[in-house]
Number of protein chains: 2
Amino acid sequence: MADVARQAGVSVATVSKVVNNKDGISPSRVAHVRQVIADLGYEASLGAQSLRSGRSGVVGMLVAEFEPFSTELLKGAALAIRAHEYELLAYSGKGMSGDRLGWERRHISRLSGTLIDGAIIVTPSGVDDRFPTPVVAIDPHLGTSTLPTVKCDSYGGALEATAYLLSLGHRRIGFLGGRADLQSSKDREAGFRAAMADAGISVDADLIDEGGYQPDLSISPTRKILTLPADKRPTAIFAANDLSAIKVIEVAESLGLRVPDDISVIGFDNVPEAALFRIPLTTMAQPLQEMGARAMDMLCDLLAGNDVVKNVTMPTTLVERASCAPPAGHIPEDDS
Amino acid sequence: MADVARQAGVSVATVSKVVNNKDGISPSRVAHVRQVIADLGYEASLGAQSLRSGRSGVVGMLVAEFEPFSTELLKGAALAIRAHEYELLAYSGKGMSGDRLGWERRHISRLSGTLIDGAIIVTPSGVDDRFPTPVVAIDPHLGTSTLPTVKCDSYGGALEATAYLLSLGHRRIGFLGGRADLQSSKDREAGFRAAMADAGISVDADLIDEGGYQPDLSISPTRKILTLPADKRPTAIFAANDLSAIKVIEVAESLGLRVPDDISVIGFDNVPEAALFRIPLTTMAQPLQEMGARAMDMLCDLLAGNDVVKNVTMPTTLVERASCAPPAGHIPEDDS
DNA sequence: ATGAAAGCGCTAACAG
DNA sequence: CTGTTAGCGCTTTCAT
């Protein structure tokens, strides 16, 4: 900016006013300064600007990793932000080894005040909710009470997914849970258990395990469930998210089981990979992009000082594709 | 920081030294200040810090959009950065309507100096190469001469992809090109033409069109090619990237053509979607994550003041899946 | 209509 | 060892 001022023969204050479209500068000077700015390719430094003015016009989205789930959310948020006068930057939790818990708090503290005016955190690692800047959480942690949150109806979705499997005729149904510290994971297991209870079926503890929402962590528990003796082995598995479900299918096939002939698999999320998978995955869809968009709208409302609904729960939808079928030898009931 | 200083009964300079692990502070004071910092949950402001010190410890990755291609690159870059003492943030080009060309230059100017120490730009929209900070380009623009770049061997890959189709027995092969302003797109078309020329087959102009690397833009040109009279219609199509190839398959099926029985389709990139697609896509793989990682390593080298190889070209690999087969009625040649 | 000066939160030089 | 001082690039009074 000093360069621009010198080159244009004016003070930095004048340049600043031109840059910020303040009035009180003669039109001829404005034009001249604009010209010099263009010639020099000058752009105001975001950091300095917001250090001084206390506003950056940028909001951050913190994700632990760039995987399909957070990427869909990101797409939705990026789409929604067009309607607002903010820019979006995504920050990934990087190594964050050692300080797993609450890394988002530390990062937000560091970024807020000079870099971002607010943030969206995806599947937070901790309950921390005292942030120095407006924050909206998507798929919140257990007990994240005071933060505005966006989530899907995990309980209802799990209930419906399980009911669907039951309606197909399955009775021995396995459940591969998510990350124990997340609300969504708890709700999905609760929904599963409720549906089973409603059907009067007791759930065998051997058929329930946890994959942490991660493919890698899902292999061993899945193998354990699928290598049970044939009479104890489930005819269907409900995986708490799509990436786990896909891994379940891969493990099943590696064990010589055909999907859906020998075993049905239903997922949760409906990430793009679910539809594209070789055996198109039947799954409970979350409106991921809408959720990202909704969170962004809420954040912008918060930033505008408006009141916002604190907790938004979006509906899930059953998407029937090819990974589920009635169990082998099942005769459908005749309702006529 | 002022709060911390007051609370700890020391000067801000002392706090700064503690924060930055400078020596010259008595161990007892260090411990005390550390305690206060922890109590207050204080984190230094990135903007102010780097405004003063001229270094932020953060590098940016600028992408036009979060789609599979850039996301894979992002994953690779995120992985590679763990070995360096930098953090990664991703910036998406947002609306960038109106100023399509060179938006990355404007953003980088704004971010550099206070926010990022360097950047990776993905499929840049312009030839601009005068950046105020170290920059590495992935999949560069035509004529981006002075910037260090990372790309794959698009020419060789296209040559091999086309040769593969020819080896299957195809003779009428269509080509759906990418974004005309990118080096990769030009190279892929050149590779395609070279392979056809090598085989002594003249390419029909009706069979060549452009999809801009985008599914949406690929629909109409694909339909035009596939609705040619049966004797002019190609038996195979080479699409310049996977997302276009998938769209080609969808259009083909909507026209009643079966893939690969009636028409073979080969893509380029090998994004995750290619493997997951209902008809697993045969494609020329780029080592996307490695490319992202390589670009990050180059950038970090640049930042360290080391010399770097200016232009890295990574090899491509044919990945045979299910979307290609010999043309109908083709009798394979007997080489015995 | 314009510029001088103060200060945002921080670090680096220098004094003590 | 510790505090004082200056100033990074910018915006914002407040004089002129």
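Side chains included, hydrogens not; waters and symmetry mates left out as well; all remaining heavy atoms used.
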Which nucleotide sits closest to the side chain of [X]: [options]?
X: A/Q49; options: C/dA12, D/dT11, C/dG3; result: D/dT11
X: B/P27; options: D/dG3, C/dG3, D/dC1; result: D/dC1
X: A/S45; options: D/dG9, D/dT4, C/dG3; result: D/dG9
X: B/I25; options: D/dT2, D/dT11, C/dC10; result: D/dT2
X: A/S26; options: C/dT11, C/dA12, C/dT2; result: C/dT2
X: A/R52; options: C/dT2, C/dC10, D/dT12; result: D/dT12
X: A/L51; options: C/dC10, D/dG3, C/dC8; result: C/dC8

Decide, yes or no, whether a salt bridge links B/D3 with B/R6 under the criterion of side-chain N to carboxylate O below 4.0 Å.
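Looking at B/D3 and B/R6, the cut-off is met.
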Does A/S16 reach the side chain of A/M1, with side-chain heavy atoms less than 4.5 Å apart?
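A/S16 reaches A/M1 side chain to side chain.
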Can you confirm whether A/D23 is buried at CG, in the sense that more than 12 heavy atoms of other residues, nucleotides or ligands lie under 6.0 Å from that atom?
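No - once you tally the heavy atoms of other residues, nucleotides and ligands closer than 6.0 Å, there are 12 at most.
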Spacing of [X] atom [atom1] relative to [N] atom [atom2], expressed in whole Å:
X: B/D3; N: C/dG9; atom1: CG; atom2: P; result: 9 Å
X: A/M1; N: C/dG3; atom1: CE; atom2: C1'; result: 14 Å
X: B/L46; N: C/dT11; atom1: CG; atom2: C1'; result: 14 Å
X: B/N21; N: C/dT11; atom1: CG; atom2: P; result: 11 Å
X: A/E43; N: D/dG9; atom1: CD; atom2: C1'; result: 14 Å
X: A/K22; N: C/dT2; atom1: NZ; atom2: C1'; result: 16 Å
X: A/R29; N: C/dT2; atom1: CZ; atom2: C1'; result: 7 Å
X: A/R55; N: D/dC10; atom1: CZ; atom2: C1'; result: 16 Å

DNA chain C: 5'-proximal contact among B/K17 and B/G47 (nearest heavy atom)
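Looking at DNA chain C, the more 5' nearest nucleotide goes with B/G47.
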Across the strands shown, which category fits A/V19 at heavy-atom distances under 4.0 angstrom: base, sugar-phosphate, nothing?
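Since no nucleic acid heavy atom lies under 4.0 Å of A/V19, the category is nothing.
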Do the side-chain N or O atoms of [X] get closer than 4.0 angstrom to the phosphate oxygens (OP1, OP2) of [N]?
X: B/S16; N: C/dG9; value: no
X: B/Y42; N: C/dC10; value: yes
X: A/T14; N: C/dT2; value: no

Does any donor atom in the side chain of A/Y213 or A/T123 lie under 3.5 Å from an acceptor atom in the other side chain?
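No.
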Enumerate the salt bridge (charged side-chain N to carboxylate O under 4.0 Å, His left out) contacts for residues 33-43 of chain B, please, sequence neighbours excluded, ordered by first and then second residue.
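Every pair satisfying salt bridge (charged side-chain N to carboxylate O under 4.0 Å, His left out) with a residue in residues 33-43 of chain B: A/R106-B/E43.
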